[in-house]
Amino acid sequence: MSPATRSGSTRKVAVVGVALSDCGRVDEATPYTLHAQAARRALADSGLSRDVIDGIASAGLGTLAPVEVAEYLGLRPRWVDSTSVGGATWEVMAAHAADAIAAGHANAVLLVYGSTARADIKARRRTSNLSFGARGPLQFEVPYGHSLIAKYAMAARRHMHEYGTTLEQLASVAVQARTNAATNPDAMFRDPITVDEVLDGPMIADPFTKLHCCIRSDGGCAVLLVAEDYVADCASEPVWVLGAGEHVSHTTMSEWDDFTVSPAAVSGRLAFERAGVTPGEIDVAEIYDAFTYMTLVTLEDLGFCEKGEGGPFVEKGRLLRDGGLPTNTDGGGLSAQHPGMRGLFLLVEAVRQLRGQAGAGQVRRADGTLPELAVASGTGGWFCSSGTVVLGR
């Protein structure tokens, strides 16, 4: 798959370095440590010197992110991005970085993230929170006690009402994610689960039981994007950014036009159009999965099935590594790791799959060859934002 030139650009853009920091249960590290681990490993993966990095994108850490992260890493970037739109942050940042590199505003941009969300709660350095805040438009909903998970649960119930989606279909998303995690040594949970075990678990927010919800872990990762000029000097095979899209839709539930449509319906369409490919050509999908319903509705909105058909689509093993559409091949946020804004992990796994570096979890096409096209789609807030990136070899 030859790289596509983005509209109005002069340079093609490739991902040449990806890595995870230590993940899962990491009790002795700070978030800055995880940022540094991931950055060093991604740079080593690329084979480039850190001197080439002239751009950095980071969010969620420090008072002046990404200034503090850049200083900690010993970088002095001339291009920065601190976009923060929840789980979609990293796909949106990747789109911004690709545009900047294509236009010549930067040559090599590092996207880096790290969080000790799990360890902080275990050590009582923080507690769980019910809402994102009570200022601005949110003040009109917070008094009613809507937690983030409750908003996802209401959306799932609406989909069930409108289209007949069943709890068993939603549960199958979690079961398939756990099956995919079984061969991933970096996954936090790898023991198999059944649909009945998902349904019989403790209720968190109706209809979601515990296993419908993402895990809480520590961890970080990094992705290095560069201009095509640098590819010849890299140690790894380039994966090209073919197209990207972003979209925000609402922050208050009362302003959400349709609970069964996510902003991926717009970001996905833009990404596929700009990449010049169709959903039917995609070999691997990495979808943000804070909850099982998120996977199902995002698959619909990206065009892998018609609206309302997500329930039947996810049944019968279609999301498994050897299924019709391998999805969340590392186990996703439901089983592998979820330290917070997980969107960057989607890009790491997509790149590894396209390179053929996923080990026992490697996807292969029907003819035995490596996948050629992957999509990573992140979602932020309570379906408030979406970023979608199409990648190709």
Side-chain angles (χ1 to χ4, degrees), residues 87 146-182 189 191-215 249 253 256-265 268 279-280 282 285-329 331-336 338 342 375 377 379 381-383 386:
H146 296 166
S147 62
L148 181 145
I149 184 174
K151 295 179 180 183
Y152 280 103
M154 286 192 291
R157 274 295 182 196
R158 189 64 197 178
H159 199 280
M160 295 170 70
H161 172 76
E162 290 280 348
Y163 301 111
T165 307
T166 68
L167 287 172
E168 288 78 9
Q169 290 167 339
L170 290 170
S172 74
V173 174
V175 171
Q176 291 173 82
R178 182 62 63 86
T179 301
N180 287 344
F189 293 97
D191 292 336
I193 56 176
T194 66
V195 167
D196 286 342
E197 287 174 321
V198 177
L199 299 180
D200 293 341
M203 183 63 68
I204 306 299
D206 188 15
F208 295 149
T209 57
K210 180 179 179 180
L211 292 175
H212 281 284
C213 308
C214 65
I215 62 178
S249 58
M253 297 288 281
W256 189 0
D257 292 334
D258 187 340
F259 283 15
T260 69
V261 178
S262 78
I282 296 296
E286 307 299 339
I287 307 296
Y288 205 101
D289 61 339
F291 306 99
T292 52
Y293 174 63
M294 186 184 289
T295 303
L296 184 149
V297 77
T298 303
L299 288 168
E300 289 181 348
D301 291 334
L302 291 179
F304 291 109
C305 62
E306 295 297 321
K307 177 54 62 182
E309 296 182 2
F313 183 86
V314 301
E315 289 181 317
K316 299 178 181 178
R318 192 185 298 266
L319 309 185
L320 296 174
R321 195 172 296 110
D322 58 355
L325 180 66
T327 299
N328 295 341
T329 47
L334 292 169
S335 287
H338 198 301
R342 192 181 180 271
V375 63
S377 190
T379 303
W382 34 96
F383 291 112
S386 177

Within the 6.0 Å centroid threshold, strictly below: His159 and Phe259: no
Donor + acceptor pair across side chains of Thr260, Asp258 (<3.5 Å): yes
Trace of the side-chain hydrogen bond (donor to acceptor under 3.5 Å, both in side chains) decision for Glu286 with Ser377: CA-CA 6 Å; Glu286 307 299 339; Ser377 190; over 6 Å; no
Distance in Å, Met253 CE paired with Phe383 CZ, rounded so as to fall on 0.5 Å steps: 9.5 Å
Heavy-atom closest pair, residues Leu199 and Thr209: O-CG2, 3.7 Å
Atom pair NZ/CH2 of Lys151 and Trp382 - distance to nearest 0.5 Å: 4.0 Å
No-hydrogen, no-angle side-chain donor-acceptor test under 3.5 Å, Asp301 and Ser262: yes
Donor-acceptor side-chain pairing of His212 and Tyr152 below 3.5 angstrom: no
Arg178 and Ser335: side chain donor to acceptor below 3.5 Å: yes
Stepwise side-chain contact (heavy atoms from CB on, under 4.5 Å) check, Leu296 with Thr165: CA-CA 10 Å; Leu296 184 149; Thr165 307; 3.9 Å; yes
Backbone of Gly317 reached by a side-chain donor or acceptor of Asp322 within 3.5 Å: no
Leu325 CG to Leu320 CG distance, which is reported to the nearest 0.5 Å: 11.0 Å
Between OG1 on residue Thr327 and CD1 on residue Ile287, distance to nearest 0.5 Å: 6.0 Å
Near-ring test Phe291/Phe208, centroid separation under 6.0 angstrom: yes
Main-chain N/O of Gly308 paired to Glu300 side chain as donor or acceptor, under 3.5 Å: yes
Leu334 side, atom CG; Asp289 side, atom CG - distance, nearest 0.5 Å: 4.0 Å
Distance (rounded to the nearest 0.5 Å) between Gln176 CD and Ile193 CD1: 10.5 Å
Proximity of Tyr288 and His338 rings by center, below 6.0 Å: yes
